[in-house]
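The structure appears below as structure tokens.
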Amino acid sequence: MRDLLLGIDVGTSVSKAAVVDADGRELAHGEAPTPWQRVETGAETDPQVLFDAALAAARGALANAPEGRVRGVGVTSMAEAGVLLDARGEVLAPTIVWHDTRGEEEAARIAADFGPERFAERTGLPATALCTLAKLRWLVHHRPETRAGARWFNVAEWVAHRLGARHVSELSLTSRTGLLDLSTKAPFHEAFEWVGLPEELQGELVLAGTPIGTVDVSALPEAAGAALTVGGHDHLCAGVGAGVVDPGDVLDSSGTAEALVRVAAPLDADQVRRSVAGGVTVGWHAVEGRHALLGAVWSGLALTEVLGALGVTDAERDALDSAAMALPPSDVPEIPLDLYSFERPPLELPEDLPAAAIWRGAIESAVSGVERVLAHIEDIAGPRGRIVSTGGWSRERAVMAAKDRIGRFETPAVVQAGARGAALLGGVAAGLYESADTLPPIPTLAAAERS
């Protein structure tokens, strides 16, 4: 019987799934919206709803897959969001979305109590509300019942747990919490004391691809008995799915936010501090023995706002791209974009310029933001190697044409890089592959082939 692998990717907007065969070919896909309840500070949701969305995506992919036996299941997800349980396994609070502003005052206390440079050196993160540690402190102070917290699951760990896995903390996701000592790969003792929660909150620290249980027949009967694993932070797992695992490689994950992930040999404390000071975080990768340097700009969000302000429909996009690409450099205006804020004021564009010129100027501004991030990463980790682009914006002709000035971008011939990476790491857990360094290769498309 044919061996199949299932990958689940719980994203901020959409939960996706892919069924992959042992040769790494994507055979079927499924997806479901990731539902959130809007609140004044951002958004939150019931953890059960998160699991239901992941399950719906998985079942959609399995329903479209050819006959076979599911040998392994991997789950990847967004970082900095999760589920807090008490000692009885009861959920204590809703899941707060990673970009929610709750925790801003607590983040200021992190900087004051630890020192921003020391906190960065120990955790690879800046002291901001994005950090899970700040969100947990907010919960402890504003929801007294959360003081009984005994276990913390990042979203992918939660979904895997609900499918049948034991309590674990995967290294790349835990690197985003502020609760991990980056250099020792151990709990950051002072952080747990500071937040007032026990170190047992953190489960057994494991590498993505580690077998952590099997799928329970009552949770997902179509994959019952399959080996379970956590595929790690979604951007890094997408790197696995796109073949971006060697030191020096860069993944350009181009969605609403554009994440630039550099694979690197482990950095020393000074390099970590300088990286974070320049806006690039450092954590453990989903592949063994490597750090991931992660910088991001809100390029996709900004470009979507420009298209909305221009009133461009999907049917008009191709013509707009062609006109923008045909403009000589002298006719391209400067269109400043806010690439660093999720909450943003209404966009104001020039009224006396043609849409093609505004669009090209906006694209050039977004690409300049990407260049700045890459330059800082190279200053820390040295010259880069390959750049591989995935995500929705990697399929936009005008955007990719503008990026040619940065260098040659490869586009992997995959549909869902994150779900594919999670599935392959499920194959590592099932024993089909030795490690993330021995996965099936994938073809790529060069820039000329994309156009």
Side-chain angles (χ1 to χ4, degrees), residues 79 111 114-128 130-131 171-172 175-176 178 180-183 233 235-236 238-239 242 244-255 257-287 289-300 302 334 336-341 363-391 393-394 399-400 402-410 447:
F114 290 89
E117 290 192 351
R118 180 169 175 268
F119 185 74
E121 287 182 4
R122 294 296 293 276
T123 67
L125 303 172
T128 69
L130 193 67
C131 175
L171 275 169
S172 68
S175 292
R176 308 295 301 178
L180 181 74
D181 187 313
L182 190 65
S183 63
H233 188 189
H235 295 306
L236 313 188
V244 185
V245 297
D246 292 332
D249 285 355
V250 177
L251 177 74
D252 175 19
S253 180
S254 306
E258 185 163 4
L260 297 149
V261 183
R262 168 72 178 268
V263 186
L267 306 184
D268 62 31
D270 179 64
Q271 287 174 304
V272 171
R273 177 188 56 76
R274 290 191 294 114
S275 183
V276 175
V280 174
T281 63
V282 182
W284 287 103
H285 203 286
V287 182
R290 270 145 270 196
H291 273 170
L293 284 72
L294 194 156
V297 289
W298 288 101
S299 55
E334 289 190 15
L337 297 178
D338 180 359
L339 299 175
Y340 305 101
S341 304
I363 290 171
E364 296 293 342
S365 179
V367 172
S368 293
V370 171
E371 282 185 301
R372 287 191 291 271
V373 174
L374 289 173
H376 177 61
I377 291 174
E378 290 202 31
D379 184 55
I380 302 298
R384 64 176 180 261
R386 303 161 57 232
I387 308 180
V388 178
S389 189
T390 64
W393 288 96
S394 69
V399 172
M400 297 309 295
K403 285 183 176 179
D404 282 347
R405 74 172 191 247
I406 296 175
R408 181 180 181 271
F409 281 70
E410 299 175 12

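- The structure places CG of Leu236 at 11.0 Å from CG of Leu171, a figure rounded to the nearest 0.5 Å.
- With contacts defined as side-chain heavy-atom distances shorter than 4.5 Å, the pair His291/Leu182 qualifies.
- For the pair Ser254 and Ser299, the minimum side-chain heavy-atom distance is 4.5 Å or more.
- Annotation: side-chain contact (heavy atoms from CB on, under 4.5 Å) contacts of Arg122 (sequence neighbours excluded): Arg118, Asp181, Phe188, Glu190.
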Candidate pair His233 and Leu294, rule side-chain contact (heavy atoms from CB on, under 4.5 Å), full reasoning: CA-CA 11 Å; His233 188 189; Leu294 194 156; 3.6 Å; yes
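- With contacts defined as side-chain heavy-atom distances shorter than 4.5 Å, the pair Phe119/Pro126 does not qualify.
- Residues satisfying the salt bridge (charged side-chain N to carboxylate O under 4.0 Å, His left out) test with Arg274, not counting sequence neighbours, are Asp270, Asp379.
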side-chain contact (heavy atoms from CB on, under 4.5 Å) assessment of Val370 paired with Val297: CA-CA 7 Å; Val370 171; Val297 289; 4.2 Å; yes
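- Side-chain atoms of Arg386 never come within 3.5 Å of backbone atoms of Glu410 as a donor-acceptor pair (strictly under, hydrogens ignored).
- No side-chain heavy atom of Phe409 sits less than 4.5 Å from a side-chain heavy atom of Val388.
- Heavy-atom contacts from other residues, nucleotides or ligands closer than 6.0 Å to CD of Glu364 number more than 12.
- Residues Leu125 and Ser175 come closest through the heavy atom pair CD1-O, 3.5 Å.
- Contact check for Trp284 versus Leu180: side-chain heavy atoms found under the 4.5 Å cut-off.
- Summarising the geometry, atom OG belonging to Ser275 is positioned 7.0 Å from atom CD1 belonging to Ile377; distances are rounded to the nearest 0.5 Å.
- Across Gly178 and Cys131, no two heavy atoms sit closer than the pair CA-SG, 3.8 Å.
- Between the CG atom in Asp252 and the CD1 atom in Ile406 there is a gap of 7.5 Å [rounded to 0.5 Å].
- Under the 4.5 Å side-chain criterion, counting only non-hydrogen atoms from C-beta, Arg176 is in contact with Leu130.
- Here the closest heavy-atom approach between residue Ala120 and residue Val276 is recorded as CB-CG1, 3.7 Å.
- Considering every non-hydrogen atom in both Ser365 and Leu339, the closest pair reads O-CD1, 3.7 Å.
- Every residue two or more places apart in sequence or in another chain that forms a side chain to side chain donor-acceptor pair (under 3.5 Å) with Ser368 is listed here: Arg405.
- Between Pro383 and Glu378, the shortest heavy-atom distance links the atoms CA-OE1, 3.6 Å.
- We find the CG-NE2 distance between Leu293 and His376 to be 8.0 Å, quoted to the nearest 0.5 Å.
- Here Trp393 pairs with nothing under the ring-ring contact (aromatic ring centres under 6.0 Å, His included) rule; sequence neighbours left out.
- Among Val261, Val287, Leu251, the one residue that satisfies the side chain to side chain contact (heavy atoms under 4.5 Å, CB included) test with Val244 is Leu251.
- In this structure, the side chain to side chain donor-acceptor pair (under 3.5 Å) partners of Ser172, at least two apart in sequence or on a different chain, are Glu170.
- A search for ring-ring contact (aromatic ring centres under 6.0 Å, His included) contacts involving His285 returns nothing, not counting sequence neighbours.
- Taken to the nearest 0.5 Å, the CZ atom of Arg290 stands 13.5 Å off from the CG atom of Leu267.
- Residue Ser394 holds its OG atom at 9.5 Å from CD of Glu258, rounded to the nearest 0.5 Å.
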